Amino acid sequence: MAANPTMDEKQDRYSPEAVERKWRERWERDGVNRLTDAQLASAENPYYNLMMFPYPSAEGLHIGNIYAYTGADVNGRFQRLNGKDVFQPIGFDAFGIHSENHALKVGANPQDLIPRNIENFTRTLQRFGGMFDWNHTVDTTHVSYYRWTQWVFLKLHEAGLVERREAPVNWCPSCMTVLANEQVLGGLCERCESTVEQRELPQWFFRITDYAGQLLDNLADMDWSGVTKKAQAAWIGRSQGAEVSFAIAEGSGAANPVDAEAGGARIRVFTTRPDTLFGATYMVLAPEHPLVDAVTAADAQPAVDAYRAEVARRDVVERQKTDKDKTGVFTGGYAVNPVNGARIPVWIADYVLMGYGTGAIMAVPGHDARDFEFAQAFGLPIVRVIAAPGEDAETRLAEAYSGDGTLVNSGDFDGLTVADAKQAIVERLKAEGDAKAQTNYLHDWCVSRQRYWGPPIPMIHCTACGAVPVPEDELPVELPHLEDFRPDDSGQSPLARATDWFNAPCPACGRSAHRDTDVTDNFLCSGWYFLRYPSTGRDDLAIEPQLTAKWLPVDSYIGGNEHAVLHLMYARFLTMALHDLGIIGFSEPFKRFRAHGLLIREGRKMSKSKGNVISPDAIINQYGADTLRLYLMFLGAYEQGGDYRGSGIQGPFSFLNRLWQSVAEADGDPDLPPEPEVERALHRTIRQVTEQLPEQQFNTAIAAMMEYMNVVRADGRTPRIKELTPLVVIVAPFAPHVCEELYERLGFAGGLFASARWPAHDPAKLVDATLNIAVQVNGKLRGEVTVSPDAGAESVRAAAELDGNVARHLAGKEVRKVIYVRNKLINLVAA
RNA sequence: GCCCGGGUGGUGAAAUCGGUAAACACAGGGGACUUAAAAUCCCCCGGAGGCAACUCCCUGCGGGUUCAAGUCCCGCCCCGGGCACCA
């Protein structure tokens with residue numbers, strides 16, 4: 001007994017600040033979270049726990065990052081307590097437009113700013129209690145990392161997956177750079193919201209569509225969040241159909257006669273609906289299509305030229321708007337429908353895109369909404385070739401019908417179903433060389449950026465040899481330190497102004513040449529970082545084979561679904577490419593991926609402009625990192641996101657206080673067994689938490705632990721050590737600092753995360769002596785009876801009928817049917 | 001337009017192989033302990049009626065299936081996110 005209770009109380013008060021500092025220092029001193037390369041090599045139960053590394057902004061680590069990382073950290077700590085050797089690295093994704101723009105704004109060089117930001121981020125990452133291995137970290141802007149990013153580029157080049165194309169690209173006039181299609185949102189630049197224009201530039205592309213089939217097919221049996229898989233499938237956009245070739249009709253193209261024998265006189269189209277070929281009443285070429293001049297008649301030439309000029313002026317976004325009226329002009333030329341020999345007019349219109357399929361379509365206004373709209377606008381014939389049930393060949397079309405049905409107005413094919421006709425028509429045309437089956441996917445990955453803040457593309461342009469890769473042993477191509485790195489409107493990267501750097505001898509012929517002045521898309525840096533982590537100890541190679549074979553693929557990856565189609569798709573593609581090069585032994589990088597939801601605040605998105613961003617440091621100062629972590633995980637379903645409400649944090653804070661107080665007040669006998677009723681609750685709790693943590697059901701797992709706490713403390717009873725120890729261990733993934741402290745106070749040496757094991761539940765201890773069964777009469781709840789477990793229907797019914805209220809509702813009625821759900825409910829159906 | 005999520009008390013949310021709607025927590029109210037505060041402990045807390053026992057109503061809206069529907073089916077409305085003249 002303490003001589004001075006007041007003093008004693010003071011000493012025992014839960015002080016998050018002191019506890020967290022103590023354990024942060026202790027973990028660091030003992031290297032609890034750091035693995036040496038020898039440990040990496042010898043680990044017996046490797047578990048690679050990955051989370052998306054942050055971009056180290058000047059504003060500091062966002063609470064949304066902490067939300068994401070806490071969920072992942074809980075998983076890592078849980079795995080560790082279950083005997084896994086957990087490798088949990090973190091790094092910094094610091095290249096890219098965001099950093100560069102910020103540096104421009106404050107008038108500094110990002111090379112000087114980034115280290116400060118990283119330092120700041122590191123401090124918060126350590127403070128919130130992440131179990132990070134700081135022995136293995138990456139900074140994508142450090143030459144020790146990006147030399148290998150350049151190496152990845154060269155490897156892909158070696159594999160034939162890199163090619164240079166003159167292509168229309170999205171150009172942001174404000175950022176003065178090319179944007180990937182995914183970086184254009186609703187026609188505006190993702191970053192600065194300027195209207196994006198269209199430009200033609202030579203660019204480096206990664207041929208990701210070569211892997212589209214594999215990227216799509218593998219999804220089927222991957223253990224990933226469903227929403228992420230669906231987003232990827234939609235992005236890949238597999239489209240199966242046929243390529244059909246139409247001859248240009250005789251007499252067309254009088255203005256620019258072509259040699260029909262040369263094979264240039266056929267227009268190829270891609271269609272997913274070859275069954276509607278008889279309904280193709282005209283064709284449309286993209287205005288940029290190379291055959292436009294070949295089909296254009298002399299008297300149509302001025303109109304065609306004018307239209308093409310007008311379209312070229314329009315930006316790619318304006319061009320792609322779906323809600324504007326259809327425009328186009330007739331070329332004066334005709335093509336021949338291979339299925340029936342009909343002469344059909346050839347138009348050009350901007351609703352047909354050069355970048356998809358073949359840049360030309362057969363127009364079937366009867367069964368395609370866009371073609372229908374165009375045909376109406378320009379008075380072109382509309383023919384029905386599919387009849388839905390109850391319709392026939394003559395039924396008028398008020399709008400395009402794209403549904404199922406049988407063929408009409410289609411010669412020999414009349415009466416076939418859509419599915420059968422697709423096959424049959426392609427078969428016939430195939431025999432004549434006019435068609436083949438074809439599958440299309442969406443765009444390749446443009447990796448060129450006309451900017452400063454990125455890894456220079458390791459290519460050298462020589463007038464004699466063309467584009468020549470920098471030899472591997474000459475890497476890195478260092479990014480020169482430029483005083484003025486502002487992008488200009490020349491379409492060239494600011495690196496072109498670094499003359500000494502710019503001029504370099506051709507690796508092939510030795511003559512004077514110059515470097516590629518573009519840097520790579522930031523997504524290339526982040527596309528392979530997880531492959532680098534285990535190998536950061538090696539500066540002589542990118543990916544150490546043994547360590548990589550041991551630790552990869554990644555066991556668990558957790559991150560935001562905003563990266564579903566960018567980062568995650570690129571990472572998969574790069575992994576497949578490196579696998580096929582024989583560099584790594586697996587072709588899918590992440591065994592398991594879970595998307596977490598968005599953390600919002602009081603119903604609204606957090607943003608700097610709204611001024612409603614929560615500072616993690618302020619919360620940690622007030623409540624401690626443990627309470628913050630627990631609260632973030634308690635807010636709502638992790639995969640759905642959460643709504644941060646200021647007052648709600650009180651609940652988790654009280655919970656930790658009660659846990660603290662329970663340990664302080666616990667009965668001192670360490671061998672005293674748990675009270676039976678408490679023990680049952682304990683085993684139920686262990687079971688639930690153990691089942692729910694791997695499924696990221698953190699909020700309900702925490703609720704279960706709170707419930708158990710209510711049992712432990714019911715009516716102010718004195719808790720027993722054996723009732724508390726397992727609780728401290730299962731709370732520990734959420735609140736690691738305070739649980740370490742309590743574990744020590746409960747009398748255990750050696751540290752919780754270093755030596756404790758996750759408790760197991762004993763099924764025999766789950767069984768209640770009695771349980772309550774709900775009693776319904778005609779489906780309405782009328783009472784409750786207490787019976788022994790697994791009681792039979794008859795005895796439960798007998799007990800139920802003794803209940804006064806139940807008896808009252810049964811009075812004067814006959815029980816016709818009894819529905820008994822074991823250990824839950826009985827429903828007496830009476831009339 | 002298409003594809004995903006989602007809509008439940010004052011609030012954040014639980015419960016979906018159909019089986020007691022609102023667990024857990026916040027806010028609010030009352031009480032215990034305390035000189036006081038903090039922490040802790042107990043009670044109340046969807047709506048209407050009733051002294052009470054209880055009864056009726058309630059999961060965005062309208063239908064349906066079922067002994068039983070937040071959960072399944074049909075038809076809508078609203079919010080959030082993604083994709084988008086992709087042929």
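Small disclaimer: the values here were computed from a predicted structure and weren't measured.
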| message | Could you identify the nucleotide paired to C41(B), looking across every strand shown and requiring Watson-Crick or G-U wobble geometry with both distances under 3.5 Å? | response | G31(B)
| request: Could you check which residues of residues 799-813 of chain A get a heavy atom under 4.0 Å from RNA chain B? Sort them by number, please. | output: Asn805(A), Arg808(A), His809(A)
| message | Between Arg370(A) and Asp368(A), does any NZ, NE, NH1 or NH2 come within less than 4.0 Å of an OD or OE carboxylate oxygen? | response | yes
| request: Return no unless some side-chain N or O of Asn699(A) is found under 4.0 Å from OP1 or OP2 of A14(B). | output: yes
| message | So if I take every side-chain heavy atom of Arg658(A) and compare against C41(B), C26(B), C4(B), which nucleotide ends up nearest? | response | C41(B)
| field | NZ or CZ of Lys326(A) within 45° of Tyr351(A) ring axis and under 6.0 Å | value | yes
| said: Check the orientation of Phe378(A) and Phe374(A). Use parallel for under 30°, tilted for 30 to 60°, and perpendicular for over 60°. | reply: tilted
| Who does A14(B) pair with, Watson-Crick or G-U, both distances under 3.5 Å? | none
| remark: Applying the 3.5 Å cut-off to both distances, the Watson-Crick or G-U partner of G62(B) turns out to be C74(B)
| For A36(B), what is the paired nucleotide under Watson-Crick or G-U wobble rules, both distances under 3.5 Å? | none
| Paired with C2(B) by Watson-Crick or G-U wobble geometry, both distances under 3.5 Å: which nucleotide is it? | G82(B)
| said: When the P atoms of C4(B) and G75(B) are compared, how many Å lie between them, rounded to an integer? | reply: 15 Å
| Relative to the ring of Trp224(A), is the ring of Phe593(A) parallel (under 30°), tilted (30 to 60°) or perpendicular (over 60°)? | tilted
| message | Between Ile773(A) and Ser654(A), which residue's closest nucleotide on RNA chain B lies nearer the 5′ terminus? | response | Ile773(A)
| Between Phe653(A) and Gln640(A), which has a closest nucleotide on RNA chain B that is more 5'? | Gln640(A)
| task | Both distances under 3.5 Å, Watson-Crick or G-U wobble: report the partner of G49(B), or none. | result | C54(B)
